[in-house]
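Order of the sequence lines fixes the chain letters, A, B, ..., with proteins taken first and strands second; residue numbering starts at 1 for each chain.
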Amino acid sequence: MLRIAESLETQLRAAMQRAFPDAAASGQGFDPQLAPASKPEFGDFQANGALPLAKPLGQPPRKIAEAVVEQLKADPAFTELCQDPQIAGPGFINLTLKPERLAAEVQARLGDQRLGVPAVEQAAPVVVDFSSPNIAKEMHVGHLRSTIIGDSLARVLEFRGHPVLRLNHVGDWGTQFGMLITHLKQVAPEALDTADAVDLGDLVAFYREAKKRFDEDEAFQTTSREEVVKLQGGDPVSLKAWGLLCDQSRREFQKIYDRLDIRLSERGESFYNPYLEGVVKDLDASGLLVVDDGARCVFLEGVSGKDGKPLPVIVQKRDGGFNYATTDLAAIRYRFGDAPQGDGARRVVYVTDAGQANHFAGVFQVARRAGWLPDGARLEHVPFGLVQGEDGKKLKTRAGDTVRLRDLLDEAVERAEADLRRRLQEEERSEDEAFITQVATTVGLAAVKYADLSQNRITNYQFSFDRMLALQGNTAPYLLYAVVRIAGIARKGGDLEAGSTAPLQFSEPQEWALVRELLKFDAVIAEVEEELLPNRLCTYLFELSQVFNRFYDQVPVLKAEGPARSSRLALCRLTADTLKLGLGLLGIPTLERM
RNA sequence: GGGGCUGUAGCUCAGCCGGAUAGAGCGACGGUUUCCUAAACCGUAGGUCGUGGGUUCGAGUCCCGCCAGCCCCGCCA
């Protein structure tokens with residue numbers, strides 16, 4: 001109902017100006033303060049704009065509201081949309097849309113692939129930087145949040161019509177490669193001679209071994225440091241070893257991405273290697289660079305450290321090497337830069353844990369002051385909290401190790417399968433193994449994703465299989481079940497297309513509640529696009545499912561006749577379409593039966 | 001020491017840039033099934049929104065102080 005809200009806002013503002021022409025002439029601003037009604041009994045919208053005018057106009061707010069309402073009633077465009085406005089409380093103006101307008105809005109969405117969500121004009125690219133695991137390390141629950149949230153945000157932005165670059169900023173460069181390559185050369189030298197990639201086995205164990213030797217063996221350390229220099233200098237053998245390690249990791253990461261249906265373009269830290277020097281030069285040229293204690297840095301404005309001195313962002317270490325801040329700066333410059341030496345982005349978002357907030361704030365400030373952001377460009381950190389166990393502490397296995405992502409996904413699917421089998425037995429249903437596997441996989445993975453997405457990302461997130469797989473409450477299974485119910489109606493002879501052409505007729509309060517809920521979808525998408533908070537979409541889908549379940553429980557569909565039947569079928573169809581699309585934007589596929 | 005985030009019902013959390021009597025879910029208690037999957041629906045109980053000030057018509061929301069928890073703080077990412 002975004003369009004209607006816009007019309008109402010314009011009409012309200014005009015009505016306020018007509019009601020108080022003198023104040024308008026003397027520059028008094030009028031903000032209708034239009035918002036969705038906070039309660040159903042208040043109608044569809046509420047305008048609170050009369051209250052703040054009481055003082056400047058020297059009149060009681062209710063009287064102001066009355067004057068505005070009088071003007072509204074004289075506006076044919078308004079009376080076509082709304083019933084008579086009601087004034088309530090201290091001076092709220094409550095607006096209720098005419099039933100035929102609501103029905104027409106539903107009708108318009110029935111044939112609409114976009115369900116009323118407008119598509120933006122082909123705009124400049126949006127970069128979503130997410131997931132970003134480190135080469136030779138296992139993906140863990142921390143990456144899960146970034147991956148799931150980032151993917152969902154990318155899907156929403158894509159749906160709105162933005163060209164989205166989903167960038168996987170993998171940790172594929174840096175000092176740790178010195179020890180990895182040195183270790184590789186010593187334990188698997190044959191890998192460097194074969195043309196094809198060689199299976200290096202368990203990379204995580206490999207990493208641990210290398211780390212252990214690095215910590216214990218001084219000669220190994222020295223060789224490792226030399227190896228870093230060789231790699232950065234472009235030594236072919238070192239590069240080959242580096243490539244092998246990256247390939248091996250990539251294969252492992254891809255398994256996870258495939259399972260979760262995540263699409264990502266890898267562009268690791270190494271990509272920006274050729275641009276690092278340019279960053280430092282650029283900063284120097286713009287006069288931001290200061291040499292301090294041998295390191296080249298930019299001192300931040302408004303951020304002071306321990307001794308009260310401004311905090312620096314170090315872009316070149318005393319030994320001449322670059323660090324992650326340099327890489328991040330190079331990435332920002334490249335992403336906002338024009339093609340071919342850049343992505344031409346207008347909005348860049350980073351989905352990383354909240355612990356990096358300071359780092360990004362610093363780096364962003366440097367980028368702005370260096371003048372790398374085009375006018376109107378948005379550069380945003382999208383932080384999220386830690387994943388905690390049910391004890392409120394950082395999530396660990398019973399043995400105290402970091403939880404591996406694939407183990408976590410396996411367990412979710414296994415639990416979903418056990419639940420399903422128990423239910424089948426209780427209900428004396430019989431399904432083939434393919435069905436069970438399919439449902440368990442979908443439900444298990446959906447539960448993991450939805451549990452993560454449904455919480456405001458900024459807070460720490462308490463991970464619980466029991467809660468996320470619960471069949472009731474704000475969970476994936478509950479939402480999936482609503483879709484299944486509608487599919488059931490279709491299976492039992494309900495032609496969901498029936499209402500598309502016939503005129504819609506609603507009589508029951510549950511029908512109107514569902515209509516009103518369905519029409520909120522476009523506003524929710526716009527909000528997620530702006531605020532980058534997927535939990536707003538989850539809340540909406542949950543509420544839609546609740547309203548639908550009430551409707552389903554109390555209003556018969558298949559047993560109804562005539563226009564009531566086709567109208568109800570139309571509501572079912574739009575509900576299913578909205579849930580499928582909404583869940584799709586969360587990266588969650590739906591089921592016909594479960 | 002400085003900075004960031006968090007603090008809302010027994011538990012897990014919402015709260016849409018200041019609006020009407022603070023909302024869900026779980027758990028607890030009590031109901032509903034000749035009917036489209038009861039994985040549902042209906043009802044009851046449960047809150048001094050950490051705390052003390054301030055701003056104004058109006059504060060969970062904005063500002064300041066304090067308390068508690070988590071995280072970050074120069075050459076790791």
Visitor: Among residues at least two apart in sequence or on other chains, which ones pass side chain to side chain contact (heavy atoms under 4.5 Å, CB included) with A:Glu543?
Guide: A:Glu517, A:Thr539, A:Gln546

Visitor: Report, one pair per line, the protein and nucleotides 75-77 of chain B atoms (nitrogen or oxygen only) whose separation is under 3.5 Å.
Guide:
{"from": "B:rC75", "atom 1": "O2", "to": "A:Arg318", "atom 2": "N", "distance (Å)": "2.9"}
{"from": "B:rC75", "atom 1": "N4", "to": "A:Asp293", "atom 2": "O", "distance (Å)": "3.1"}
{"from": "B:rC75", "atom 1": "N4", "to": "A:Asp293", "atom 2": "OD2", "distance (Å)": "3.1"}
{"from": "B:rC75", "atom 1": "N4", "to": "A:Arg318", "atom 2": "NH1", "distance (Å)": "3.4"}
{"from": "B:rC76", "atom 1": "OP2", "to": "A:Lys317", "atom 2": "NZ", "distance (Å)": "3.1"}
{"from": "B:rA77", "atom 1": "OP2", "to": "A:Tyr324", "atom 2": "N", "distance (Å)": "2.9"}
{"from": "B:rA77", "atom 1": "O3'", "to": "A:Glu269", "atom 2": "OE2", "distance (Å)": "2.4"}
{"from": "B:rA77", "atom 1": "N7", "to": "A:Tyr324", "atom 2": "OH", "distance (Å)": "3.1"}
{"from": "B:rA77", "atom 1": "N6", "to": "A:Tyr324", "atom 2": "OH", "distance (Å)": "2.4"}

Visitor: For the ring pair A:Phe360 and A:Tyr350, is the centre-to-centre distance below 6.0 Å?
Guide: yes

Visitor: What nucleotide, of B:rC41, B:rG4, B:rC71, holds the atom closest to the side chain of A:Arg550?
Guide: B:rC41

Visitor: What pairs with A:Phe214 under ring pair (Phe, Tyr, Trp, His ring centres under 6.0 Å), at least two apart in sequence or on another chain?
Guide: none

Visitor: Residues two or more places apart in sequence or in another chain: which of them pass ring pair (Phe, Tyr, Trp, His ring centres under 6.0 Å) with A:Tyr272?
Guide: A:His169

Visitor: Which residues pass the salt bridge (Lys or Arg N to Asp or Glu O under 4.0 Å) test with A:Asp328, not counting sequence neighbours?
Guide: none

Visitor: Identify, with sequence neighbours excluded, every residue that meets salt bridge (Lys or Arg N to Asp or Glu O under 4.0 Å) alongside A:Arg421.
Guide: A:Glu417, A:Glu433

Visitor: Please state how far atom CG in A:Asn358 lies from atom C1' in B:rG3, giving the value in whole angstrom units.
Guide: 6 Å

Visitor: Using atom P in both nucleotides, what's the gap between B:rU33 and B:rC16 to the nearest angstrom?
Guide: 40 Å

Visitor: Could you pull out all residues at least two apart from A:Asp172 that satisfy salt bridge (Lys or Arg N to Asp or Glu O under 4.0 Å)?
Guide: none

Visitor: Considering non-hydrogen atoms only, spot the tightest contact between A:Phe364 and A:Ile332 and give its length.
Guide: CD2-CD1, 3.8 Å

Visitor: For Watson-Crick and G-U wobble pairs within 3.5 Å on both distances, what is RNA chain B written in dot-bracket notation, | included for inter-strand pairing?
Guide: (((((((..((((.....[...)))).(((((.......))))).....(((((..]....))))))))))))....

Visitor: Just to verify, what does A:Glu530 make a side chain to side chain donor-acceptor pair (under 3.5 Å) with, not counting sequence neighbours?
Guide: A:Arg378

Visitor: Could you run through nucleotides 29-36 of chain B and give me one letter per nucleotide, 5' to 3': B if any protein heavy atom sits under 4.0 Å from the base, S if only the sugar-phosphate is that close, - if neither?
Guide: ------SB

Visitor: What string of B, S and - do you get for nucleotides 14-19 of chain B, 5' to 3', if B is base contact, S is sugar-phosphate-only contact and - is no contact with any protein heavy atom under 4.0 Å?
Guide: SSB--B

Visitor: Give every donor-acceptor pair under 3.5 Å between a side-chain atom in residues 57-67 of chain A and any protein atom, sequence neighbours left out.
Guide:
{"from": "A:Arg62", "atom 1": "NH1", "to": "A:Gly89", "atom 2": "O", "distance (Å)": "2.6"}

Visitor: Should the pair A:Arg485 and A:Phe548 be classed as cation-pi, given the thresholds of under 6.0 Å to the six-membered ring centre and 45° from the axis?
Guide: no

